[in-house]
Every structure is written in structure tokens, then in C-alpha cells.
Amino acid sequence: MIRIAAVGDVHVDKDVVGRYRPALEELPDQADALLVAGDLTRHGTPEEARCFAKEFGGLAVPVVVVLGNHDHQSDQQEQVTEVLTDAGITVLEGAATVLEIRGHRLGIAGTKGFGGGFAGACASNFGEREMKDFVGTTERFATVLENALNSVECDALVALTHYAPVPETLVGEPLEIYAFLGSYQLGRAIDAAPTALALHGHAHHGSERGRTPGGVPVRNVAHPVIKQAYNVYQLLSDEVDATLATAR
Ligand SMILES: [Fe+2]
């Protein structure tokens, strides 16, 4: 069995440093790796990225992240990525990584993803150039996720995104904004690979648990949803959701 800790939307700035650290210090007793589902910062500045790296870096387990829309706010995502990478954090965008964990290969494929909506209420590739560009972006992120998922050979495969791949984990958000919170194309990409678990954030008022049309468990790990420093999920196990020894 592999245990992974996950959280998203931690929105770290100076005032947040120290808030997560006590729970993170205990993380190696709970899980083999930490995955963070984007919106690491508030406005995507390198200064905030340094705060995130201070809070979430230097752990005894590997830390793998994707960026979120907030991490793009200052158009400095390359610098943000560099700060995180220099701190030993793996940043995935249309890429995958494999972690060797107690004799098992854990594959993690990640991308920020994008909005677009879900069946019956989604943007379509028709009409103005701006709308085609919007949907083109949706489809591009889904394609890179599918390719990344299918690029790894591993025993357990996880999809890590910021935007949601299914509408079930958005329940609690206003229906009117679902199209800005995720897209069905991400779910389709997840189902086009032997994915064991999909993790996302972004929907602060959403719900934790869902499933893709193909049956892959989906978990919204946005901090306001899980209400603790991280949740723990199990792979190569009958039960996805783990109970923390000491809940945070
Ligand atoms: Fe977000």
C-alpha cells in the first residue's frame, strides 16, 4: 500500500508561514508523499513562492505540486516554478514523475487544467475566435494530462490538477460558475489512462468526493473543503480514504 497526503488552495503568503508546518512535520508518519493541487500562493509572486517553499519544502517526504490560477496572477509562473524547484519541490505541468516508495512505483501526472464546463453546460468550439481560443485552452490542458498519464509505467497512477475533472466535487458551488471551475475533458483524459486516483482543488465551496464516468475516484482537496492541513489517501488498497492517526 502507498499512502499519499494531499491538499490544495493553501494560498501561502507571509502571514500563513507557520500555520501548516506543525502538521507537515508529522506528515512522514502518515504518508509517503505530499501532493499539492495548486493555488500555492495568493498572487503568484516569487516572494509568495518563497513563503510556500519555506512552509512546504524540506520535508522528509517528496513534495509534488501543480500550479493554480492564483499562481498565474502575476504572469511570473516561470519564476514561481524556479523558486519551488530550487527548494526541491517537483512542479508538474503536462508532465509526470515516478516516486519509488517501498518497492512500488507511484506515478503522478499533473497539469493546472482549465475551465470549460461539463455535460449539458459547457463551452463549445464554435463562433467567435475568443470562444474557440477558450475551448482550445481547455482541450490543450486535457490533452497534455492524457499524454502525461500515459507516459509513465508504474504500479499506481495519480492525476493531479487544479481544475476539477468532474462536477460532483463542485457541489456546494453556484451552478453558474461550474464552467470556470473545471471541464469534462479533464475527466475524459483521466479515464483514458489506468488512473487510480484523481486529485484537484480550486473549488473552495465544493465537495470532497466524486468519481469520473469511468469510475476513477476523484477527491477535491482544497483546504477549505478538507479543513485540515492534508488528507491522506491510499493506493494499492481496497479503501481510498485513510483515517489519520492524529487528524489535523
Ligand atoms: Fe483556484
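Counting starts at 1 for both ligands and their atoms, in listed order.
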Subject >> Short N/O/S contact of D39 with the Fe ion (ligand 1) (below 2.8 Å) >> reply: yes

Original post:
How about H202: does one of its N, O or S atoms come closer than 2.8 Å to the Fe ion (ligand 1)?
Top reply: yes

Original post:
So, H204 and the Fe ion (ligand 1): N/O/S under 2.8 Å, yes or no?
Top reply: no

Subject >> Y163 N/O/S atom closer than 2.8 Å to the Fe ion (ligand 1) >> reply: no

Original post:
Thinking salt bridges, do R42 and E48 make one under a 4.0 Å N-O criterion?
Top reply: no

Subject >> Angle subtended at the Fe ion (ligand 1) by H162 NE2 and N69 OD1, rounded to 10 degrees >> reply: 90°

**OP:** Using a strict 4.0 Å threshold on nitrogen-to-oxygen distance, state whether K132 and E128 make a salt bridge.
**Re:** no

Original post:
With under 30° as parallel and over 60° as perpendicular, where do the rings of F114 and F141 fit, or are they tilted in between?
Top reply: parallel

**OP:** Would you please say whether a donor-acceptor pair under 3.5 Å links the side chains of D39 and H162?
**Re:** yes

Original post:
Salt bridge check: are D241 and R209 linked by an N-O gap of less than 4.0 Å?
Top reply: yes

